[in-house]
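Remarks on the structure that follows.
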Amino acid sequence: MTGASLTFHHVGLACESLAIEVAAHRTLGFREEGAPFEDSTQRIRGQFMVNAGFRVELLEPLGPDSPLAGSLRRGIKMYHQAFLTSKIRESIDALVEDGALLLSAPCSAVAFDGREIAFLILQTALVVELIQM
């Protein structure tokens, strides 16, 4: 891939109940990173958790029209991998040039203090989130 380099940030996990998933991750040694958040644009409620430097973003759908609802109905728990980029549009262009499909154009995200995020799907069917640094 040409363009801006990508740095791993987190794995997004879809869940039916944020409270149940947070409790389960606590038993695995994860601890909350920041406060829970809600993003009406993305139609999700979430919580970041970390364990030994590994970060997960637990995501609960806000209603049946949330992008997560379909994934959960299909039994998909690992929703996406997320990467930081210094140049989100260049990274999108490079991934699309390599065969990815843009799922959602850059938009402001509550979880990242208003920085832009975008979602793409690779030819391997992996959903990737890009986060503007």
Side-chain angles (χ1 to χ4, degrees):
M1 180 179 105
T2 58
S5 64
L6 304 178
T7 303
F8 179 78
H9 187 266
H10 70 266
V11 169
L13 301 176
C15 57
E16 295 285 347
S17 166
L18 191 58
I20 290 171
E21 202 71 39
V22 165
H25 275 75
R26 281 188 194 133
T27 66
L28 297 172
F30 282 85
R31 297 290 167 248
E32 288 92 335
E33 180 182 53
F37 59 90
E38 191 168 298
D39 190 329
S40 58
T41 301
Q42 303 296 318
R43 299 181 310 274
I44 53 92
R45 180 177 298 112
Q47 173 69 58
F48 284 102
M49 298 189 80
V50 293
N51 182 343
F54 185 78
R55 180 183 293 113
V56 295
E57 180 185 28
L58 305 176
L59 297 165
E60 174 185 82
L62 287 177
D65 64 336
S66 169
L68 291 177
S71 293
L72 287 168
R73 278 192 299 274
R74 293 187 308 277
I76 298 171
K77 188 156 190 82
M78 190 184 109
Y79 177 58
H80 68 269
Q81 290 185 29
F83 298 86
L84 296 171
T85 179
S86 61
K87 299 177 182 176
I88 195 166
R89 282 164 181 76
E90 284 184 24
S91 295
I92 290 168
D93 291 345
L95 288 169
V96 168
E97 186 176 309
D98 287 344
L101 175 67
L102 183 64
L103 296 176
S104 66
C107 66
S108 174
V110 171
F112 301 105
D113 298 320
R115 289 182 286 155
E116 288 188 321
I117 62 169
F119 285 90
L120 298 99
I121 188 164
L122 304 182
Q123 290 179 329
T124 61
L126 175 65
V127 174
V128 172
E129 178 183 20
L130 298 178
I131 306 162
Q132 179 66 47
M133 295 172 85

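Since the model is a prediction, treat every value here as computed from it, not as a measurement.
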Are [X] and [Y] grouped together when hydrophobic residues (ILVMFWY) are joined by side-chain heavy atoms under 4.5 angstrom apart?
X: M78; Y: L122; result: yes
X: I76; Y: V128; result: no
X: L84; Y: V110; result: yes
X: I131; Y: F8; result: no

Going from [atom1] on [X] to [atom2] on [Y], what distance comes out if it is rounded to the nearest 0.5 angstrom?
X: E116; Y: C107; atom1: CD; atom2: SG; result: 7.5 Å
X: R45; Y: F37; atom1: CZ; atom2: CZ; result: 10.5 Å
X: D113; Y: S108; atom1: CG; atom2: OG; result: 9.5 Å
X: L95; Y: L101; atom1: CG; atom2: CG; result: 11.5 Å
X: Q132; Y: S86; atom1: CD; atom2: OG; result: 7.0 Å
X: S5; Y: E90; atom1: OG; atom2: CD; result: 10.5 Å

Could you check whether any side-chain N or O of [X] sits under 3.5 Å from a backbone N or O of [Y], counting only pairs where one atom can act as donor and the other as acceptor?
X: R26; Y: V22; answer: no
X: N51; Y: L28; answer: yes
X: S66; Y: G63; answer: no
X: R55; Y: V50; answer: no
X: E21; Y: C15; answer: no

With respect to L58, which candidate in I44, L13, I20 satisfies the side chain to side chain contact (heavy atoms under 4.5 Å, CB included) definition?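 Looking at I44, L13, I20, the match for L58 under the side chain to side chain contact (heavy atoms under 4.5 Å, CB included) is L13.
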
Applying side-chain contact (heavy atoms from CB on, under 4.5 Å) to F119 and Q42, what does each step give before you reach the verdict? CA-CA 11 Å; F119 285 90; Q42 303 296 318; 4.0 Å; yes

Under 4.5 Å between any side-chain heavy atoms of [X] and [Y], yes or no?
X: P106; Y: R89; value: yes
X: Q81; Y: L126; value: yes
X: E38; Y: L62; value: yes
X: F83; Y: T7; value: no
X: I92; Y: L120; value: yes
X: V56; Y: H25; value: yes

Shortest non-hydrogen contact between [X] and [Y], atoms and distance:
X: V127; Y: Y79; value: CB-O, 3.5 Å
X: D65; Y: R43; value: O-NE, 2.9 Å
X: E57; Y: A111; value: OE2-CB, 4.3 Å
X: M49; Y: E32; value: CE-N, 4.0 Å
X: L130; Y: T85; value: CB-CG2, 4.3 Å
X: A69; Y: P64; value: CB-O, 3.4 Å

Is the gap between the ring centers of F112 and F48 under 6.0 Å?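 Centroid distance F112-F48: below 6.0 Å, so yes.
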
Could you list the residues that satisfy side-chain hydrogen bond (donor to acceptor under 3.5 Å, both in side chains) with E129, not counting sequence neighbours?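 Result, side-chain hydrogen bond (donor to acceptor under 3.5 Å, both in side chains) vs E129: H10, H80.
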
